[in-house]
Number of protein chains: 2
Amino acid sequence: MDDGARKMTTLVETATNPPAHEVIYRKLRDQILFGEIAPGQALTIQGLADRLNAGMTPVREAIRRLTAEGALVFQGNRRVCVPQLSAANISEIIYARQWLESHLGLRATERVTPSDLAHLTAIDTALDRAIVAGDLRSYLENNYLFHAKLYDLADAPILAEMAERLWLRFGPSLRVVIGRIGTQNLPDKHKDMLNCMRTGDSEGAARAMREDMLQGMEQIREMLNLESAAH
Amino acid sequence: MDDGARKMTTLVETATNPPAHEVIYRKLRDQILFGEIAPGQALTIQGLADRLNAGMTPVREAIRRLTAEGALVFQGNRRVCVPQLSAANISEIIYARQWLESHLGLRATERVTPSDLAHLTAIDTALDRAIVAGDLRSYLENNYLFHAKLYDLADAPILAEMAERLWLRFGPSLRVVIGRIGTQNLPDKHKDMLNCMRTGDSEGAARAMREDMLQGMEQIREMLNLESAAH
DNA sequence: CATTTCGGATTTTGATCAAGTTTTCTGCCG
DNA sequence: CGGCAGAAAACTTGATCAAAATCCGAAATG
């Protein structure tokens, strides 16, 4: 009887479906990924529990996941913080992303459907709007979404996870970089990328991904050099 | 009051210095890495808490870390298990390890000290003893230790962490493979590796690492093919 | 006399446990 | 075959205990 109501999970109140530790994890992850938590800023479990209006057990579990992912590090004493990148770290990330991005881009191009292409194009359009509007947060989000969608299309879950994890490492620094130089004159190889995908040029797509990555990472590296020079 | 009973740190087991969740994490990690928990076998939080004589809060945290690392996966219902590798997964891991192992091997060779070389040689000797003795567990442990030590020497923490995480993925399968074909006629490029490191031939060391990895991974792939053929 | 350093007390934080609540699976009965 | 009831597991909260860090004052030294 009443077939329509099989599973009324939808309506207003049942936000209880995802467990609290999962919600907290996602919230913290986003805040780290998009640079809302400054690198080096000390965080305590209880402080986060208060700030997020949550018990401290779910916060503990979220912290365990994030430290396991390298998004947070223990700070010797009783605090965690998002790590600050060193020049050596940047080189490591560039080396890894060189292989990951190009391979994932190539595989994604081999598998992309017209529907996926429309989705990617929509993300890129939103990204352009964010640039002209100078909307930093929206730029960062859509830039991430573009790459994450590509990883997903590549149908290589282990490599995709490795690539996503690296975003957690340089994401915070990306925010600082873009925050300084503004959203204007940003490199954007996404148009090349999309063109290659439309024509099935998987080699070209791989090259575009690699170049897009390199430009972004080099900007981070330059900022780091300036900072260390400023002493 | 009752000063006499100040602090009996003595009792048999409680070296309470490392927190319980850390101890449990390491124990589970080792059991997974060396294949003592069969892939696919369902695990529950309470079941583990009973089995390890621990409260369930520390077990929860250990599980969060391990799932974040890909060593465990949610199994839809409320169970976790060690994931079973697919043929596609093997190819992904091979692709990633190809550039990770060679790069780390190269960097390790550039930085190795005589003391490190002695340590590596000792590990390899223990590994040989394990082979002739047919000691499966010891073989797996020393094989892992050899590579982990190399990662450490490479002084590239992010890449090393990526490489170590991959071990958690194929480690369980490695146990199954070696368990079947025995510890005899195992490939061992470690001798080549050590020779290259002694002479400072970093390119050769990188090549040896890559070949050692490839031989091991191909054995896993073959076993997987046989199993799927057996249907 | 000012400054620093050392030791102890206070306070904050983390770790673990036990109980209550909610969700989900399973087996049974219509 | 589908829904209902019981049970088991997970999730969350609050409390308790232990350990670390901070704070403060006194004493010593320049």
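Throughout, a chain's letter reflects where its sequence line sits, starting with A, and its residues are numbered from 1. These values consider heavy atoms only, across backbone and side chains, with no hydrogens, waters or symmetry-generated copies. Since this is a predicted model, take the numbers as computed values, not measurements.
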Which part of the nucleic acid, if any, lies within reach of A:T44 when heavy atoms closer than 4.0 Å are counted: base, sugar-phosphate only, or nothing? sugar-phosphate
Between CD1 of A:I45 and C1' of C:dT16 the distance, given in whole Å, is 12 Å
If we ignore angles and hydrogens, is there a donor and acceptor under 3.5 Å between the side chains of A:R64 and B:H21? yes
Give the nucleotide from the list C:dC17, C:dT13, D:dA10 with an atom nearest to the side chain of A:Q46. C:dT13
Calculate the interatomic distance between A:E61 atom CD and D:dA10 atom P; express it in whole Å. 12 Å
Distance, rounded to the nearest Å, where A:F74 contributes CZ and D:dA20 contributes C1': 15 Å
Donor-acceptor pair (no angle test) under 3.5 Å: B:R79 side chain, D:dA10 base: no
Let's see if you can work this out: which of D:dT13, C:dA15, D:dC11 has an atom nearest to the side-chain heavy atoms of B:H21? C:dA15
How about B:S86 and B:N89: does a side-chain donor come under 3.5 Å of a side-chain acceptor? yes
Could you label the plane-to-plane angle of the A:W99 and A:Y95 rings as parallel, tilted or perpendicular, counting under 30° as parallel and over 60° as perpendicular? perpendicular
What nucleotide among C:dT23, C:dG14, C:dC17 has an atom nearest to a side-chain atom of A:R78? C:dG14
I'd like to know whether A:E164 forms a side-chain hydrogen bond (donor to acceptor under 3.5 Å, both in side chains) with A:H147, so could you lay out the CA-CA distance, the side-chain angles of the two residues, the decisive distance to 0.1 Å, and finally the verdict. CA-CA 9 Å; A:E164 291 222 31; A:H147 288 258; over 6 Å; no
OP1 or OP2 of C:dC17 versus the side-chain N and O atoms of B:R60: is any pair under 4.0 Å? no
Separation of D:dG14 atom C1' from A:N53 atom CG, nearest Å, is 16 Å
Return the value, rounded to whole Å, for the distance between atom CG of B:L43 and atom C1' of D:dA10. 15 Å
